[in-house]
Amino acid sequence: MMDLSYSPDWVDGLKWTVIAGFCFSFLLSFGMGANNCANAWGTSVGSGVLKLWQAYILSSIFDVLGAALLGYKVTNTIQKGIIEIDVYNVYSLQNETFNTTYALVPSCYNTSASQDSPTCSVYTSAEYVLGSLSALIATAIWLILASVAKMPISATQSIVGASLGYSLVLRGTQGIKWKKITEIVIDWFTSPILAGIIASIFYLIIKFAVMRRSDPFEAALKFVPVFFWFTLAVNLFTIFFKGSKYLHFDKIPWWGALIISNGIGLFVALFIRFFLTNWMRKRATRLFEEEVARSGESTWTATESDKSTNKVTPTTINIICNDYGDIEKPDLTSSSNKFGSSERDQVQEQTSKQFLRQFLLPVDENGKAIKVFHFLQVLSACFLSFADGANNTANSIGPLAGIYMTYKKGLASADMTSLATEMQLLILFGVCSMVIGFWVLGHRVIKTIGQELTEITAPSGFAIELGTAFTVLLASKLGIPVSVTDCAVGAIIFVGMTRSSSLSSVSWRTFASIIFTWIITIPVTAGIAALITYLVVHFHLGTI
């Protein structure tokens, strides 16, 4: 049992906790990489757009960029936003007779010395450090177990549950920011719905702007630069507008961020339009023809695919009317001036039903147009990987930052800007550990999220990743630790139903097993963290 005295050099006794904190933060980040990085790349790999080794390389680049440029805000929330750190403060008063002895007092303000006096100092207690270490251990254990079991769980829910667990053991309900936790929990429920709605909107845009056009292949080629401009502009604006104070991006005004982001996005879009369109056309055609040759469907030639026009004919209307109830087939040969008002109203009603039918019914995705979306899905996967690095890195670095700040400053609530370089290095340590975890175990979860929930093609995968990325990036910008896993699964479910207009297109058994792991995550990690905290504090400090 440690005989702890809060003298000026008391933090020297915490060196082992810093080392252990780095070790378990690595394991936690490793587990997040194995589990949560699959959210960004599962759809791309699942739809066959990227090979696994290509996803590994791109993740190494974009997860690191996201963490370095936007990871600071959510890190601050995880460290200080869930638990009131000040409830772990201790006040140490130097004995005026024996300057080498120190005694704990209720507050420096209740003594003859002020808080700023060298004879009375405020520190974050060793209990907080051991509690944060226990949270890292508990979350790492749970994430790695889930990855081995091939279940996508939320690292954010895990670390929040673990933080609650150790704090309930050490301080009871005192210091728990229930309002903030309630807001975070509400965001966990709303973020998958929001991601699903945004992703479905993107897919509907693709459906009507590309797949229902007379020539879907050429329409897809025309929309590639537009999607690139839009995605890059939004992504870059979130980086530069009120950006990292460590990198001084916070000094860029909103109009400067708007000009820079749109300028870069427009430049890339024009470059693609004038220099890469013909290359994309040839490559998509070659990939499509190779796929047809491999499938052995000699009667389905590339020429016949190009004739897929998605036009509505009397025959197709008749077939669909038979399938979808009492939609009466309109007389397409009649003109509206031959009808009276009642007949004209009837035709308008039938036209509305036809539009609704087109809106709801699935569309055959043109084979060559799908190959064009390979380029866009790589873009959206990189975008989502960037957002994942920005949001998820904080889950392992938040508790480690508290331990490190206590070791360096004696106070976990000290301003992190005083150690800006060290904080950036901590964030980079976390995201590099995530990348290693993705390389080693990420393939196990990719199969579940990318192939077993619903069928994913390149256009639907692009919509899923873009909807998830926008939701997560918005949350990261606001400092809200949302679950990337929740958002990704929500987007997959919504787009799967939108694409097929059927509930049967989703594997509800797989979805139910995922929901089950989400439900048990908080109580499990809270229980593990509470047990570890009790054992470590009891046998090391003897205070409980």
Matching residue for T468 among L384, I492, L194, L473 - test: side-chain contact (heavy atoms from CB on, under 4.5 Å):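 For T468, the side-chain contact (heavy atoms from CB on, under 4.5 Å) test succeeds with only one of L384, I492, L194, L473, which is L384.
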Is the backbone N or O of [Y] less than 3.5 Å from a side-chain atom of [X], with the two atoms forming a donor-acceptor pair by type?
X	Y	answer
Q157	T521	no
E289	R286	no
R283	W279	no

For the [atom1] atom of [X] and the [atom2] atom of [Y], what is their distance to the nearest 0.5 Å?
X	Y	atom1	atom2	value
L232	C382	CG	SG	10.0 Å
D215	L221	CG	CG	8.5 Å
F470	T238	CZ	OG1	9.0 Å
I159	L164	CD1	CG	10.5 Å
L28	M32	CG	CE	4.5 Å
L69	F386	CG	CZ	5.0 Å

Using 4.0 Å as the upper bound for N to carboxylate O, is an ion pair formed by K222 and E218?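 Salt bridge between E218 and K222, a charged N being under 4.0 Å from a carboxylate O: no.
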Taking atom types as modelled, is there a side-chain donor on [X] or [Y] under 3.5 Å from an acceptor on the other?
X	Y	value
S460	T457	yes
W439	S60	yes
S29	S396	yes

Under 3.5 Å donor-acceptor pairs involving side-chain atoms of residues 257-265, not counting sequence neighbours:
residue : atom : partner : partner atom : Å
S261    : OG   : A257    : O            : 2.8
S261    : OG   : L258    : O            : 3.2
N262    : OD1  : W229    : NE1          : 3.3
N262    : ND2  : L258    : O            : 3.0

Measure from NZ or CZ of K368 to the centre of the six-membered ring of F217 and say whether it is under 6.0 Å with the direction within 45° of the ring axis.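 Output yes; distance and angle both within limits.
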Check whether the ring centres of F375 and F228 lie less than 6.0 Å apart, and answer yes or no.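 When the ring centroids of F375 and F228 are compared, they turn out to be at least 6.0 Å apart.
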Can you name the residues that form a side chain to side chain contact (heavy atoms under 4.5 Å, CB included) with L276, not counting sequence neighbours?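 L276: side chain to side chain contact (heavy atoms under 4.5 Å, CB included) contacts with F271, I272.
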For R281, is the CZ atom crowded, meaning more than 12 foreign heavy atoms sit under 6.0 Å from it?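 Yes - once you tally the heavy atoms of other residues, nucleotides and ligands closer than 6.0 Å, there are more than 12.
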Worked verdict on F462 versus F227 for ring pair (Phe, Tyr, Trp, His ring centres under 6.0 Å): CA-CA 10 Å; F462 171 70; F227 281 127; 5.1 Å; yes
For residues 196-205, which side-chain donor-acceptor pairs fall under 3.5 Å, sequence neighbours excluded?
residue : atom : partner : partner atom : Å
S200    : OG   : G196    : O            : 2.8
S200    : OG   : T498    : OG1          : 3.2
Y203    : OH   : E365    : OE2          : 2.7

